[in-house]
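Some notes on the structure that comes next.
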Amino acid sequence: MLVTGKAILKHAHENGYAVGAFNVNTMEQVQAIIEAAEETKSPVIIQASQGGLKYAGVEYIAAMVKTAAEKASVPVALHLDHGTDFKQIMLCLRNGFTSVMIDGSHYELEENIKKTKQIVEMAHAVGVSVEAELGKIGGTEDDISVDEKDATFTDPDEAERFVKETEVDYLAIAVGTAHGPYKGEPKIDFDRIKTIKERLDMPLVLHGSSGVPEESIKKAVSLGINKINIDTDIRMAFHRAVKKFISENPDVYDPRKILGPAKEEMKKVIKEKMIMFGSAEKAW
Ligand code: G3H
Ligand code: 13P
Ligand code: ZN
């Protein structure tokens with residue numbers, strides 16, 4: 001069933017676990033995520049990035065995820081990842097997204113508050129939940145490139161003011177993770193997660209979560225992270241399986257035979273994440 005992001009994350013916040021938010025561009029990814037969620041009895045968030053929307057088109061993404069959600073026995077939210085502006089978010093609302101992110105993290109605080117507030121008013125008017133970002137998450141996110149040394153962590157005082165003024169439903173915080181593959185091991189500021197959770201008492205979001213070791217993920221969840229964004233690890237699973245299949249079967253040209261094993265490999269990774277995040281058996 002298709003539900004709002006808030007319904008999913010309120011339950012996660014109140015029960016101390018995190019839900020995976022997995023990026024999709026293709027049908028096989030949507031199916032892998034839904035099958036993984038059903039097999040682990042996990043609520044799930046399926047999200048589309050800027051690149052994903054450019055590649056597949058908002059209508060295709062929405063149609064695929066809504067079809068999958070309607071057939072699913074677990075709660076599913078359709079979320080816009082790193083939304084850029086009013087126009088794009090309006091388009092997502094029109095296409096039935098149940099959650100949207102407005103990423104104003106590259107603006108000064110006042111401008112981020114102003115932009116986020118505007119989106120919250122609009123989305124809440126039609127019952128859609130909103131995620132915002134405060135602080136700069138390192139790495140490359142869509143068209144926005146944040147130099148690692150420029151990346152700044154979320155300030156708890158600013159976070160408190162930001163949430164009070166914008167009335168956003170969940171907040172993405174910068175605590176040391178980065179988008180894309182890590183060169184070394186990420187150094188996560190766990191104390192900052194704890195402080196922000198105590199001050200805000202609301203669902204918190206971790207971006208750039210691919211490649212973060214299991215113990216760090218579990219610790220972050222125990223301190224208050226409730227939405228965990230995963231893209232790169234699914235891309236890598238896809239790549240691994242396609243490469244293996246083609247090298248073992250160089251003459252097979254049927255896309256179904258090539259993509260079938262890729263779907264299974266992605267599903268395996270997604271199921272492991274759901275168990276790691278604590279969302280397995282939490283579907284209602
Ligand atoms: O924001 C995170 C995504 O991993 C960016 O992916 O290349 O689909 O825009 P994209
Ligand atoms: P990764 O690609 O590092 O998993 O990041 C995903 C993300 O944060 C999407 O918003
Ligand atoms: Zn992100």
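Atoms within a ligand are numbered from 1 in the order they appear, just like the ligands themselves. Here the structure is a predicted model, which is why all the values come from computation and not from measurement.
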Checklist entry - Who's the nearest protein heavy-atom neighbour of atom 3 (O) of ligand 2, and how far? => result Gly180 N, 3.0 Å

Checklist entry - Partners of Asp85 by side-chain hydrogen bond (donor to acceptor under 3.5 Å, both in side chains), sequence neighbours excluded? => result none

Checklist entry - Side chain, backbone, both or neither: which part of His82 comes within less than 4.0 Å of ligand 2 when only heavy atoms are counted? => result side chain

Checklist entry - With atoms numbered from 1 as shown, which atoms in ligand 2 lie under 4.0 angstrom from a non-hydrogen atom of Thr232? => result 1 (P), 2 (O), 3 (O), 4 (O)

Checklist entry - Taking atom 3 (C) of ligand 1 as the point of reference, which of Thr232, Ile234, Asp231 owns the nearest heavy atom? => result Asp231

Next on the checklist: Out of all atoms in ligand 1, which are within 4.0 Å of some heavy atom of Gly52? Include the element for each.
Outcome noted: 8 (O)

Next on the checklist: With a 4.0 Å cut-off on heavy atoms, is Met101 in contact with ligand 1?
Outcome noted: no

Item to check | Region of Asp81 that comes within reach of ligand 1 [heavy atoms, distance under 4.0 Å] | outcome: side chain

Next on the checklist: Which residue and atom name correspond to the protein heavy atom nearest atom 9 (C) of ligand 2, and how close is it?
Outcome noted: Asp81 OD2, 3.1 Å

Next on the checklist: Distance check, rounded to the nearest 0.5 Å: Leu78 atom CG versus Phe97 atom CZ?
Outcome noted: 4.5 Å

Give every donor-acceptor pair under 3.5 Å between a side-chain atom in residues 66-76 and any protein atom, sequence neighbours left out.
residue: Lys66; atom: NZ; partner: Asn95; partner atom: O; Å: 2.9
residue: Thr67; atom: OG1; partner: Ala63; partner atom: O; Å: 2.7
residue: Ser73; atom: OG; partner: Glu38; partner atom: OE2; Å: 2.7

Next on the checklist: Against the six-membered ring of Phe245, is Lys257 placed for a cation-pi contact (under 6.0 Å from the centre, within 45° of the normal)?
Outcome noted: no

Next on the checklist: Parallel, tilted or perpendicular, judged at 30° and 60°: which one describes the rings of His79 and Tyr170?
Outcome noted: tilted

Checklist entry - Just going by heavy-atom distances, which of Arg235, His82, His207, Gln50 is nearest to atom 7 (O) of ligand 1? => result Arg235

Item to check | Asn23, portion touching ligand 2 at heavy-atom distance under 4.0 Å | outcome: side chain

Checklist entry - Has the side chain of Gln50 got a donor or acceptor atom that lies under 3.5 Å from a matching backbone atom of His82? => result yes

Next on the checklist: I'd like to check which ligand 1 atoms, numbered from 1 as shown, lie under 4.0 Å from a non-hydrogen atom of His179.
Outcome noted: 1 (O), 2 (C)

Next on the checklist: Between ligand 2 and His207, is the shortest N or O to N or O distance under 3.5 Å?
Outcome noted: yes

Item to check | Nearest protein heavy atom with distance in Å, relative to atom 4 (O) of ligand 2 | outcome: Ser210 OG, 2.6 Å

Checklist entry - Which protein heavy atom lies closest to atom 8 (O) of ligand 2, and at what distance to 0.1 Å? => result Gly208 N, 2.9 Å

Checklist entry - Can Val100 and Glu131 be said to form a side-chain contact (heavy atoms from CB on, under 4.5 Å), step by step? => result CA-CA 6 Å; Val100 290; Glu131 171 180 338; over 6 Å; no

Next on the checklist: Test of geometry: compute the angle NE2(His179)-the Zn ion (ligand 3)-ND1(His207) and round it to 10°.
Outcome noted: 120°

Checklist entry - Can Thr166 and Thr116 be said to form a side chain to side chain donor-acceptor pair (under 3.5 Å), step by step? => result CA-CA 6 Å; Thr166 61; Thr116 302; 5.9 Å; no

Next on the checklist: For the residue pair Lys115 and Tyr107, would you count it as a cation-pi contact if the rule is NZ or CZ under 6.0 angstrom from the ring centre and within 45 degrees of the ring axis?
Outcome noted: yes

Checklist entry - Take atom CD in Glu14; do more than 12 heavy atoms of anything else shown fall under 6.0 Å from it? => result yes

Next on the checklist: Please list, in number order, the atoms of ligand 2 under 4.0 Å from a heavy atom of Asp231.
Outcome noted: 1 (P), 2 (O), 4 (O), 6 (C)

Next on the checklist: Please work out, at 4.0 Å between heavy atoms, whether the side chain, the backbone, both, or neither of Ile230 comes within that distance of ligand 2.
Outcome noted: backbone

Checklist entry - Would one find more than 12 heavy atoms of other residues, nucleotides or ligands at under 6.0 Å from atom NZ of Lys117? => result no

